[in-house]
Amino acid sequence: MTRTVYVNGEYLPETEAKVSIFDRSFLMADGVYEVTSVLGGKLIDFEGHLARLERSLNELEMEKPEAFDDLLEIHRKLVDLNGIDEGMIYLQVSRGSAGDRDFVFPDPEVVKPTLVLFTQSKPGLADNPVAKKGIKVISIEDIRWGRRDIKTVQLLYPSMGKMAAKKEGCDDAWLVEDGQVTEGTSNNAYIVKGGKIITRNLSTDILHGITRAAVLRFAREAQMEVEERAFTIAEAQDADEAFVTSASTFVMPVVEIDGAKVGDGKPGPVAKRLREIYLEESIKSGI
Ligand code: PLP
């Protein structure tokens, strides 16, 4: 099926949508993005994603696209036009195209940002069978840049991490810096020990996950103990449970780390419960 996508104010068939070869996201990875999930035709955690987008733009001194205030309407229209019941909306803003290649940022008065959105239909996203058996991860060195709190389109290393995991028959990689886990290639990482949920504290070392914020809020509301601090791979392998969170996988149990089973090698009760609560509450508050 040909999707309808959004490019700089226009809704177009995907085959007709065009961006300049001089666009700075293409030449310099000078762009930021957001992924919002759709469940039951509703947008999940939309306000959080919009707030993080604004922050990413500010941190990079990138202009807001003209249509910034219309983003909710644009998301909703794409859901409608493409008949999305379960899936995702990808949004990207770049610093635009100055019609040539230059390291210097173009004058924002002259060059406007490029705004692109498209949908990805994923029927069965909430009832993902993978969540019932959990995923296996490997660990690799975190050699990304130092501003991982900004959601930029520089995704080559995370992509290489996923490929390294695949080569070893695993699903994903956890990134390790100075002996401590930062996060997954495209998710935040957690362990559970003695009922306590442990996840790395927020800093420029990790992306401030929108799902992370919601899951930690629900966990605290459910009287679960949460500790925000770094942990090692050895500590994770010795934990009772492990899991990851992201907008597209929600809460996903991790059952093996570098070949060592976590707990009994099956999804644990805390991850299962948090997945249930997250799905229930976020569907309820979807817009
Ligand atoms: N960490 C990284 C590196 C990510 O790429 C992502 C999502 O893409 C996350 C964490 C999870 O963030 P969110 O819950 O907002 O999807």
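Just so you know, ligand 1 is whichever comes first in the structure, and atom 1 is the first atom listed for that ligand.
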Quick one about Ser139 and Asp258 (side-chain donor to acceptor, distance below 3.5 Å, no hydrogens or angles considered), yes or no? yes

Taking the six-membered ring of Tyr6, is the NZ or CZ of Lys77 close enough (under 6.0 Å from the centre) and on axis enough (within 45°)? no

Do Leu279 and Tyr190 share a hydrophobic cluster, counting only Ile, Leu, Val, Met, Phe, Trp and Tyr and linking them when any side-chain heavy atoms are less than 4.5 Å apart? yes

Could you check whether atom CZ of Phe26 has more than 12 heavy atoms from other residues, nucleotides or ligands sitting under 6.0 Å from it? no

Nearest 0.5 Å, please: how far is CD1 in Ile206 from CG in Asn201? 7.0 Å

Taking the side chain as everything from C-beta on, heavy atoms only, tell me whether Lys122 gets closer than 4.5 Å to Asn128. no

Anything under 3.5 Å between an N or O on ligand 1 and a protein N or O? List each pair with its distance, or write none.
| residue | atom | partner | partner atom | Å |
| --- | --- | --- | --- | --- |
| ligand 1 | 1 (N) | Glu183 | OE1 | 2.7 |
| ligand 1 | 8 (O) | Lys151 | NZ | 2.7 |
| ligand 1 | 14 (O) | Ile210 | N | 3.4 |
| ligand 1 | 14 (O) | Thr211 | N | 3.0 |
| ligand 1 | 14 (O) | Thr211 | OG1 | 2.6 |
| ligand 1 | 15 (O) | Arg52 | NH1 | 2.8 |
| ligand 1 | 15 (O) | Arg52 | NH2 | 2.9 |
| ligand 1 | 15 (O) | Ile210 | N | 2.8 |
| ligand 1 | 16 (O) | Ala247 | N | 2.8 |

